[in-house]
Amino acid sequence: MIRKTGVAALVAVTLALSACGGGGGEPAADPGQPRVLKLWHYEAAESAMGKAWAEAIKKFEATHPGVKVRFEEKSFEQIQKTASMVLNSDEAPDLMEYNKGNATAGLLSKQGLIADMSEEVTKRGWDKLLPGGLATTARYDDRGVMGSGNWYGLPNYGEFVMVYYNKDLFEKHKVEVPATYEEFTAALDAFVKAGVTPVSLAGAEYPAQQIVYQLALSKADRAWVDAYQSYQGKVDFQGPELTYGATTFADWVKKGYVDEKASGLKAEDMGVAFMKGDFPVMISGSWWYGRVAEEAKGFEWGHFLFPGSTMAPGSSGNLWVVPEKSENKDLAYDFIDITMSKEIQNLLGNSGGVPVAADPAAITDPKSKELIETFNKLTAADGLAFYPDWPAPGYYDVLVAGTQQLINGAKSPAEVLTEIAGPYEDNLADLGN
């Protein structure tokens, strides 16, 4: 996945960590200088993760006298595009948030750019906090394929795609909250008839491709997901699942459910427009939840799982990864440990996030409780289907281009599916499949 929002543009890194010591986290050579943990992540300060990790920084510095955290806020898109280059240089951080999946963390593990943290995971008991599918995205085999092998990252939250809706607009236009897909499209039709574009969308980044994938999932089963994501079977790109996803999405554009101008919009544009009350619906991830709770002040809102589907894009959250070039691996692991603590997990949960190790009784915020209950419902149904861009390196940009073509009508659904099949099949060949 996938995607993050409201993040400042990248500040170029020009300072080497002269204060840091030798490899493996040895103390700084100059005892007069503090050790520095160089931390990168791309969560907005007002998001649940941003709030929790800011508190984790305070707790880390309080428990590590003489150590400073040098936090640098990055953009998801920039790290997505330049991670391999940066981590192969002397500018690599000591700890970094990174997207999970074969095309991202899996690729870095295969390239030897991120550390195998299996020993730390076992020693600190992190594996016991990530049961079932939550650990899938943290482990990679020697091909960089997720689900087995060594631990190359650690998530400390969960995430999934859902439907946010503006209760006030639904009531104003006398639209019922849908329980089935037919009721959902009827609701969208009602808004279009009233002259309201119902779905806030962004085609220049992840949101549009996730909707195409969600539509495909409504016609898919777990075997199809395993084939697509983990190469446990052949995927027919002209088959019923992806054909339905691409064709139905193109129909949404024709029916006016989304604006054709969304082709050039970014995720931040989509989210801000919904939070301003301009659209009745936004189909996107739980990573927005804390911001919506914070910023959508002018109307009542709620959420529900995508109607007519037992699966949704989702997984454990993005990973903490420790670059192989980090000179402070011990500090990095200590920081991860703090983010897994009950204190930080509870804060994350009460701020609109989906914690993996919180005390359920400590989650008191009503909106947060609703979110966690929905996530638990989805995971209980084995409904986490990962994200569409995971299977192949560089696939994110391929899917962005494909969905933009669907929005602006430059190519037919069949043509787009043929186009996106190529890089997927090429990656299978590279893996020997």
Side-chain angles (χ1 to χ4, degrees), residues 1-9 42-50 75-78 80 99 159-170 184 187-188 191-192 196-215 245 248-250 252-253 255-299 301-306 312-314 318 352-353 371 387-389 396-397 399-408:
M1 192 300 3
I2 352 244
R3 78 306 154 268
K4 290 295 173 199
T5 58
V7 184
Y42 41 75
E43 305 296 339
E46 63 272 27
S47 71
M49 285 71 73
S75 75
F76 171 82
E77 294 287 325
Q78 191 277 338
Q80 173 88 0
N99 201 12
E159 61 180 35
F160 63 105
V161 170
M162 58 189 157
V163 181
Y164 293 83
Y165 73 103
N166 182 320
K167 291 184 178 182
D168 291 6
L169 287 179
F170 270 64
F184 185 49
L188 300 182
F191 284 116
V192 171
V196 177
T197 301
V199 182
S200 187
L201 183 70
E205 291 180 351
Y206 66 85
Q209 61 176 271
Q210 290 182 355
I211 294 178
V212 174
Y213 186 57
Q214 174 67 83
L215 289 165
T248 303
F249 182 78
W252 278 25
V253 180
K255 291 178 178 178
Y257 294 174
V258 299
D259 193 324
E260 291 183 9
K261 294 193 290 291
S263 175
L265 298 181
K266 296 192 174 183
E268 179 72 3
D269 303 318
M270 172 196 73
V272 168
F274 177 77
M275 291 185 289
K276 284 170 60 182
D278 294 345
F279 289 86
V281 166
M282 178 174 75
I283 303 169
S284 197
S286 54
W287 48 87
W288 282 100
Y289 204 84
R291 279 194 68 187
V292 174
E294 188 79 19
E295 298 180 32
K297 298 298 187 185
F299 59 92
W301 61 278
H303 79 278
F304 51 85
L305 289 172
F306 193 85
N318 288 319
L371 175 69
Y387 293 92
D389 58 302
Y396 178 89
D397 292 331
L399 296 182
V400 167
T403 49
Q404 285 179 314
Q405 290 165 342
L406 289 176
I407 295 170
N408 60 33

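Summarising the geometry of Tyr164 relative to Ser284, their closest heavy-atom pair is CE1-O, 3.7 Å, with the distance given to 0.1 Å. For the residue pair Ile407 and Ala208, the shortest heavy atom distance occurs at CD1-CB, 4.2 Å. The minimum heavy-atom distance linking Gly353 with Ala48 is given by the pair N-CB, 3.3 Å. Here the shortest heavy-atom pairing between Gly277 and Asn166 reads CA-ND2, 3.8 Å.
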Requested in this report: Go through the steps to decide whether Ile283 and Met162 satisfy the test side-chain contact (heavy atoms from CB on, under 4.5 Å), and finish with yes or no.
Outcome: CA-CA 6 Å; Ile283 303 169; Met162 58 189 157; over 6 Å; no

**Report entry** Verdict with supporting geometry, Gln209 and Asp389, side-chain contact (heavy atoms from CB on, under 4.5 Å)
**Finding:** CA-CA 8 Å; Gln209 61 176 271; Asp389 58 302; 3.5 Å; yes

Report task. Could you walk me through whether Thr197 and Val192 pass side-chain contact (heavy atoms from CB on, under 4.5 Å), step by step? Result -> CA-CA 6 Å; Thr197 301; Val192 171; over 6 Å; no

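Taking 4.5 Å as the limit, every side-chain heavy atom of Val292 sits out of range of all side-chain heavy atoms of His303. Counting heavy atoms from C-beta outward, Phe306 and Leu215 have side chains that approach closer than 4.5 Å. In this structure the side chain of Pro280 reaches within 4.5 angstrom of the side chain of Val196, judged on heavy atoms. You'll find the side chain of Gln214 stays beyond 4.5 Å of the side chain of Val163, heavy atoms only.
For the pair Glu205 (side chain) and Ala267 (backbone), a donor-acceptor distance under 3.5 Å is present. A donor-acceptor pair under 3.5 Å links the side-chain atoms of Ser286 to the main chain of Phe160, judged by distance alone. A donor-acceptor contact shorter than 3.5 Å links the side chain of Ser200 to the backbone of Met270. Here the side chain of Ser47 pairs no donor or acceptor atom with the backbone of Glu43 at under 3.5 angstrom.
With sequence neighbours excluded, the residues forming a salt bridge (Lys or Arg N to Asp or Glu O under 4.0 Å) with Glu294 are Lys51, listed by chain and number. Listed by chain and number, the residues in a side-chain hydrogen bond (donor to acceptor under 3.5 Å, both in side chains) with Trp301 amount to none (sequence neighbours excluded). Take Lys261 and apply the salt bridge (Lys or Arg N to Asp or Glu O under 4.0 Å) test, not counting sequence neighbours, and it matches Asp259. Phe274 is linked by a ring pair (Phe, Tyr, Trp, His ring centres under 6.0 Å) to Phe299, counting only residues two or more places apart in sequence or in another chain. The side-chain hydrogen bond (donor to acceptor under 3.5 Å, both in side chains) search around Tyr289 returns none, not counting sequence neighbours. Remark: Phe191 engages Phe170, His173 in a ring pair (Phe, Tyr, Trp, His ring centres under 6.0 Å) (not counting sequence neighbours).
Taking CD from Glu46 and CD from Glu295, the interatomic distance works out to 5.0 Å, rounded to the nearest 0.5 Å. Atom CD of Glu260 is separated from atom CD of Gln404 by 13.5 Å, given to the nearest 0.5 angstrom. For the atom pair CH2 (Trp288) and CE (Met282), the distance works out to 6.0 Å, reported to the nearest 0.5 Å. To the nearest 0.5 Å, the span separating CZ on Phe249 from CD1 on Ile211 amounts to 6.0 Å. Distance check, rounded to the nearest 0.5 Å: CG of Leu201 to CZ of Phe279 gives 9.0 Å.
Aromatic rings of Trp287 and Tyr206 (six-membered ring for Trp) have centroids within the 6.0 Å cut-off, being under it.
For the 3.5 Å distance criterion, the side chains of Asn99 and Tyr387 fail to qualify, holding no donor opposite an acceptor.
The aromatic rings of Phe304 and Tyr165 sit tilted relative to each other, their planes meeting at an angle between 30° and 60°.
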